[in-house]
Amino acid sequence: MKQRMNIYITTGRKNLKYAYVAIKSLFINNQDREIHLYVVSEDLTSEDMQHENVLAEQFGHQIHILRFDEEKAAQYIHIGKKDHWPIGTMSSYWLFHELLPDVVDRIMVIESDTVITGNLSEIYDMDFEDTYVICPGPEHKPSNHRNFMSRIGGDTLTFVLSIYDVSRIRREFSLQDILNVDDKVKKLAGYSQMEFTFGLLFKDHIKYVPGRISCIDENERYIEELGYDYIVECEKTVKILHFSSYKDYGKPWNPVSIMPGYVTWWKYAQGSPYYKEYFAEQWKLYDQVKEARAEAESKASVQNILLFAFGMLVLIAAGTSILLDGFIGIVVIIEGFLALGISILVRKIGIWCQRINS
């Protein structure tokens, strides 16, 4: 009989097609275990996950959907509409006390923008000793993240590939304890963030696994800080590639700039029932980029015309001032400034209204 392995992932109907690759790669590379995948979602049903359930049956794993109440969570979580972290990701706060069944004593976190490249058993089975969580070492976190955690008195925690001692956390912390620390994070950082919250809550009780054999993030900042050669070498030994992004939302299926590990993601994407959609979504995004570029060019053209018209107006006013009366020329120039200002204001209001409608 295979040993049980509990894995946690968050996703929804909108992004399930991308999570499929993470789930498929997880199942393929961990066939020696019976995986119980806990999908935390605000809207998914078993019908939505038919393709994923077929995968689970094929590899002998199980998928459980845990319903997450985003409206309830929004009463506690502070994330702006344009901020990077979605509220659904903060479901980890409710994971231990409200979402997971009692049978779960430990659980490992992956995310929907990952691809699992190796067997997770060795890390998953590690002894917690006197810690609440095991996670990749801080050496792969950006320097500003590490510095911030040091400044606020916490330890650096990496969420992806973190394993939690669910039983002990349930015994020693309440949900309110977690939310209280989140309140502190909101005051210090300006928004909720689970890596900050758990880094404070579990300070001095985090066990690290070297980043080289656990997890590597791939985005523009990591390339700058760690270097291309280092990341490519890590790809040979890590168990998971995380395609984290910032406000540019650069992902393998939305390449703002190409990262080396994207090749691996697309390898596992082969045969996906959503394969055509990966391309269709990119075409939509590219069309938006083209429209934005055309709008910017049009705006620049109109501004150039207005500036040219104003220049001509100044010349005419100067000539009029010489031929007639200086005072009349000054009045004409002032009227020209007003006309130009009104024209630009009307133009900006029009663009602003278009953005609101879109």
Minimum heavy-atom separation for [X] and [Y], please, with both atom names.
X: Glu34; Y: Lys2; value: N-CB, 3.8 Å
X: Ala22; Y: Ile9; value: CB-CD1, 4.4 Å
X: Met5; Y: Asn30; value: CE-OD1, 4.1 Å
X: Tyr230; Y: Ile216; value: CE2-CD1, 4.4 Å
X: Ser41; Y: Gly12; value: OG-CA, 3.7 Å
X: Phe68; Y: Ile87; value: CE2-O, 3.7 Å

**Prompt:** Distance only, no hydrogens: is a donor on one side chain within 3.5 Å (strictly under) of an acceptor on the other, for Ser150 and Asn147?
**Reply:**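 Not at all, the side chains of Ser150 and Asn147 share no donor-acceptor pair under 3.5 Å.
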
With a 6.0 Å cut-off on the ring centroids, do [X] and [Y] count as close?
X: Tyr164; Y: Tyr8; result: no
X: Tyr278; Y: Trp265; result: yes
X: Phe198; Y: Tyr93; result: yes

Is the shortest heavy-atom distance from the side chain of [X] to the side chain of [Y] under 4.5 Å?
X: Leu120; Y: Leu26; value: yes
X: Arg221; Y: Asn144; value: yes
X: Phe96; Y: Ile178; value: yes
X: His140; Y: Cys234; value: yes
X: Trp94; Y: Leu175; value: yes

**Co-membership, hydrophobic cluster, residues Val103 and Leu99, 4.5 Å side-chain** =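 Same cluster: Val103 reaches Leu99 through Ile, Leu, Val, Met, Phe, Trp or Tyr contacts under 4.5 Å.
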
**Prompt:** If two hydrophobic side chains count as joined below 4.5 Å and joins carry through other members, does Phe243 share a cluster with Val263?
**Reply:** no

**Request:** Sequence neighbours left out, what pairs pass side-chain hydrogen bond (donor to acceptor under 3.5 Å, both in side chains) with at least one residue falling in residues 67-76?
**Result:**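 Output for this query lists Lys72-Glu98.
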
Measure from the side-chain N and O atoms of [X] to the backbone N and O of [Y], and report whether any donor-acceptor pair falls under 3.5 Å.
X: Tyr124; Y: Asn119; value: no
X: Asn29; Y: Ile116; value: yes
X: Arg33; Y: Gln3; value: yes
X: Gln31; Y: Ile28; value: yes
X: Thr11; Y: Val39; value: no
X: Gln193; Y: Glu195; value: yes
X: Arg13; Y: Asp43; value: yes

**Prompt:** Would Glu218 and Ile231 satisfy side chain to side chain contact (heavy atoms under 4.5 Å, CB included), going step by step from the backbone distance to the final call?
**Reply:** CA-CA 8 Å; Glu218 298 205 22; Ile231 285 180; 3.7 Å; yes

**Prompt:** Who pairs with Lys184 by salt bridge (charged side-chain N to carboxylate O under 4.0 Å, His left out), at least two apart in sequence or on another chain?
**Reply:**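 Not a single residue meets the salt bridge (charged side-chain N to carboxylate O under 4.0 Å, His left out) criterion with Lys184.
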
**Request:** Take Asn53 and Glu57, measure what side chain to side chain donor-acceptor pair (under 3.5 Å) needs, and give me the verdict at the end.
**Result:** CA-CA 6 Å; Asn53 285 323; Glu57 185 175 352; over 6 Å; no

**Message:** With a 6.0 Å cut-off (strictly less than), is the heavy-atom count around CD of Gln58, excluding the residue itself, greater than 12?
**Reply:**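 Atom CD in Gln58 is crowded, with more than 12 foreign heavy atoms closer than 6.0 Å.
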
**Prompt:** Taking atom CD of Gln62 as the centre, does the number of heavy atoms from other residues, nucleotides or ligands within less than 6.0 Å exceed 12?
**Reply:** yes

**Request:** Assign the ring pair Tyr18 / Trp253 to parallel, tilted or perpendicular, where the plane angle (0 to 90°) is split at 30° and 60°.
**Result:** parallel

Closer than 4.0 angstrom, basic N to acidic O: yes or no for [X] and [Y]?
X: Glu122; Y: Lys239; result: no
X: Asp183; Y: Lys187; result: no
X: Asp105; Y: Arg170; result: no

**Request:** To the nearest 0.5 Å, tell me how far Phe196 CZ sits from Leu188 CG.
**Result:**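 CG of Leu188 is found 10.0 Å from CZ of Phe196.
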
**Asked** Checking side chain to side chain donor-acceptor pair (under 3.5 Å) for the pair Asp217/Ser244: CA distance, chi angles, key distance, verdict?
**Response** CA-CA 6 Å; Asp217 286 63; Ser244 56; 2.8 Å; yes

